[in-house]
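So you know, we letter chains A, B, ... as the sequences are listed, proteins then strands, and number each from 1.
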Number of protein chains: 2
Amino acid sequence: MNVVTPEISPSARDRFERMHAVIRTRICLLDYAPGTRLSEEALAAEFGVSRTPLRRVLARLESEGLLQSVHGVGTFVTDVDIAELAQTYQLRFELAELTGRLGAVAPDEALWADFRALSARSKEIVRAPEPKRFAELNMDFFMALQRLTDNEPLKDICEKLYFRTTRIWLKSVFESKIDLADEADIFDREIHDILRALEIGDLHAAAHIQRAHISMSFARMQNGFKTRP
Amino acid sequence: MNVVTPEISPSARDRFERMHAVIRTRICLLDYAPGTRLSEEALAAEFGVSRTPLRRVLARLESEGLLQSVHGVGTFVTDVDIAELAQTYQLRFELAELTGRLGAVAPDEALWADFRALSARSKEIVRAPEPKRFAELNMDFFMALQRLTDNEPLKDICEKLYFRTTRIWLKSVFESKIDLADEADIFDREIHDILRALEIGDLHAAAHIQRAHISMSFARMQNGFKTRP
DNA sequence: GCTCGTGGTGTTGTACACATCATTGTTCGG
DNA sequence: CCGAACAATGATGTGTACAACACCACGAGC
């Protein structure tokens, strides 16, 4: 997404996509933590538009489960209870396995380059853990992996579910319910394992590794909730 | 969240849901065939609201892939090419199997009653096939089946994918690329088989039957496209 | 006769003012 | 002193006028 987006085209749809991506990223990277109230007027001013087109973006984010608007009160970043999260995670790792079976494509040279860059970033974070960089890496790596499938509907669904759950997991990490250094280490190993599977051309295995890591990261998070209520 | 929603509350959200459901049904039942242009003004007048809230509904339908708005031209009911349809169908019958594994719940008495009514309607359609009634039955039966799972995210996804694909299949049927009488007969057998699986409590089997029928109906449709280009 | 330019018409997208709703602080009555 | 009604405030939702844009028909020029 947002490949080049020639800036000489401030068309309506492009503006929409840009605003949507920006706000979504802020929510998922916890710049807007769950429970935060978003000011329509302030956001509209920031993007240099009126409330009308901005509200369209917020409505979309609400349909994706990231926001909730209440008449007369405000629009808030949603939080999710552990029960709903469990269902979503269960679905997510089943879909990860599906991704390996349906429309898996071998990475091209550009993707390899991105993977190498991501791996390097991961090593750096392991040396010096930093919450924000870790969150960004996590998201960028997920988006890179998505380029391995050509089943568009499946890709869309996985993306939506990822954006819906990742901030909750990140919140757990940042609140030290999970140790950041440990998590960075584990994630670095995940990257390593998946890339090795990709190198020998076994996309199926890569998908299974991803599935396993999604499952385990949820389990760790659940433990975090149990030990520190 | 939305605990009781008393129906004496024509609140903003209820109006939205109602308009959304109505237009979506019209699209899926081919009252608005693919390619049709929808008039914002006419629809707004019909629902007794201004363009603003109606546009919110249309934007949602666009995000669900049922509409496409083009600046200065109009908003049109989308059509899908056979390639995209193949991917979606592949995903749909994989998800049908998933539904059997994840969060399957036994039907309660109310659902049994609905199933019996649906079965009766099916028998009637077999006797006297009628396109519109067949389409409605198909949709109602699907919605009833959805009540067998309690994994909300999965349910939402299956629903969206169903609404996205079913009108294309119905179009094939109505254009006589597929024989309506045959299709009614096959569908009646699907209902029969699934209900029998449910009666003995084998939700797993019911899901597999559904999966098989989704797969086969797509195959028949593909044949229809091949034999009559 | 053909082509290119140009205005007309109808559509979606935007800005802004106002209606509606929920919260909160205040004030009056007990 | 306490409680309830009420006005003030600020948020989202709606209505309306206007801008931006695309298509089409008409006509002037070559």
Side-chain angles (χ1 to χ4, degrees), chain A residues 5-23 27 32-79, chain B residues 1-23 27 32-79:
Chain A
T5 45
E7 43 199 337
I8 48 168
S9 113
S11 85
R13 176 157 291 131
D14 292 340
R15 267 209 306 256
F16 176 87
E17 295 291 346
R18 192 187 321 277
M19 291 192 288
H20 177 77
V22 167
I23 299 178
I27 293 173
Y32 300 146
T36 306
R37 191 183 73 78
L38 266 52
S39 167
E40 292 187 351
E41 219 163 329
L43 281 172
E46 178 189 338
F47 289 111
V49 296
S50 146
R51 271 182 60 211
T52 309
L54 181 88
R55 277 176 60 76
R56 201 172 160 137
V57 175
L58 297 186
R60 176 83 147 243
L61 289 167
E62 184 170 6
S63 83
E64 292 169 351
L66 300 183
L67 293 180
Q68 176 161 24
S69 293
V70 184
H71 188 173
V73 182
T75 73
F76 302 90
V77 178
T78 56
D79 205 341
Chain B
M1 215 176 285
N2 46 357
V3 276
V4 282
T5 50
E7 47 194 336
I8 50 166
S9 107
S11 81
R13 176 157 293 130
D14 291 338
R15 267 209 305 258
F16 176 88
E17 296 291 347
R18 190 186 323 276
M19 292 192 287
H20 177 76
V22 167
I23 299 177
I27 293 172
Y32 300 145
T36 306
R37 190 182 75 76
L38 266 52
S39 167
E40 292 187 351
E41 219 162 329
L43 281 172
E46 178 188 339
F47 289 110
V49 296
S50 146
R51 271 182 60 211
T52 309
L54 181 89
R55 278 175 61 74
R56 201 173 160 139
V57 175
L58 297 186
R60 176 82 147 243
L61 290 167
E62 183 171 7
S63 83
E64 293 170 351
L66 299 183
L67 294 180
Q68 176 160 23
S69 293
V70 184
H71 189 176
V73 182
T75 73
F76 302 91
V77 178
T78 56
D79 206 341

Interatomic distance, A/L66 atom CG to A/R60 atom CZ [nearest 0.5 angstrom] = 11.5 Å

Nearest whole Å is fine: how far is [N] [atom2] from [X] [atom1]?
X: B/R13; N: D/dG13; atom1: CZ; atom2: P; answer: 7 Å
X: B/F47; N: D/dG13; atom1: CZ; atom2: C1'; answer: 18 Å
X: B/R56; N: D/dT12; atom1: CZ; atom2: P; answer: 11 Å
X: A/F76; N: D/dT12; atom1: CZ; atom2: P; answer: 8 Å
X: A/E41; N: D/dT9; atom1: CD; atom2: C1'; answer: 13 Å
X: B/F16; N: D/dT12; atom1: CZ; atom2: P; answer: 17 Å

D/dG10 OP1/OP2 closer than 4.0 Å to side-chain N/O of A/R37 | no

Are any of B/R51's side-chain N or O atoms less than 4.0 Å away from OP1 or OP2 of D/dT16?
-> no

Walking DNA chain D from its 5' end, the first of A/T52 and A/G74 to be reached, judged by nearest nucleotide, is A/G74

Name the one of A/E62, A/E40, A/R55 that satisfies side chain to side chain contact (heavy atoms under 4.5 Å, CB included) with A/T75?
-> A/E40

For A/T75, report the nucleic acid contact type (base, sugar-phosphate, nothing); a contact means any heavy atom under 4.0 Å.
-> sugar-phosphate

Which part of the nucleic acid, if any, lies within reach of B/L38 when heavy atoms closer than 4.0 Å are counted: base, sugar-phosphate only, or nothing?
-> sugar-phosphate

Could you tell me whether a side-chain N or O of A/T78 sits under 3.5 Å from a main-chain N or O of A/Q68, the two making a donor and an acceptor?
-> no

Can you give the first and last nucleotides of DNA chain C, 5' to 3', that have an atom under 4.0 Å from a heavy atom of chain A?
-> C/dG13 to C/dA22

Output the single nucleotide from D/dA11, D/dA22, D/dG15 whose closest atom is nearest the side chain of B/S50.
-> D/dG15

Pairwise 5' ranking along DNA chain C for A/G72 and B/S69, keeping only the more 5' one | B/S69

Given that A/H71 and B/E40 both sit by DNA chain C, which one's nearest nucleotide is further toward the 5' end?
-> B/E40

Decide yes or no on side chain to side chain contact (heavy atoms under 4.5 Å, CB included) for B/V57 and B/F47, but give the supporting numbers first.
-> CA-CA 12 Å; B/V57 175; B/F47 289 110; over 6 Å; no

Tell me, do B/T52 and A/T52 make a side-chain contact under 4.5 Å, heavy atoms counted?
-> no

Side-chain ion pair, B/R13 and B/E17, N-O less than 4.0 Å = no

Should the heavy atoms of other residues, nucleotides or ligands under 6.0 Å from CD of A/E46 be counted, would the total exceed 12?
-> yes

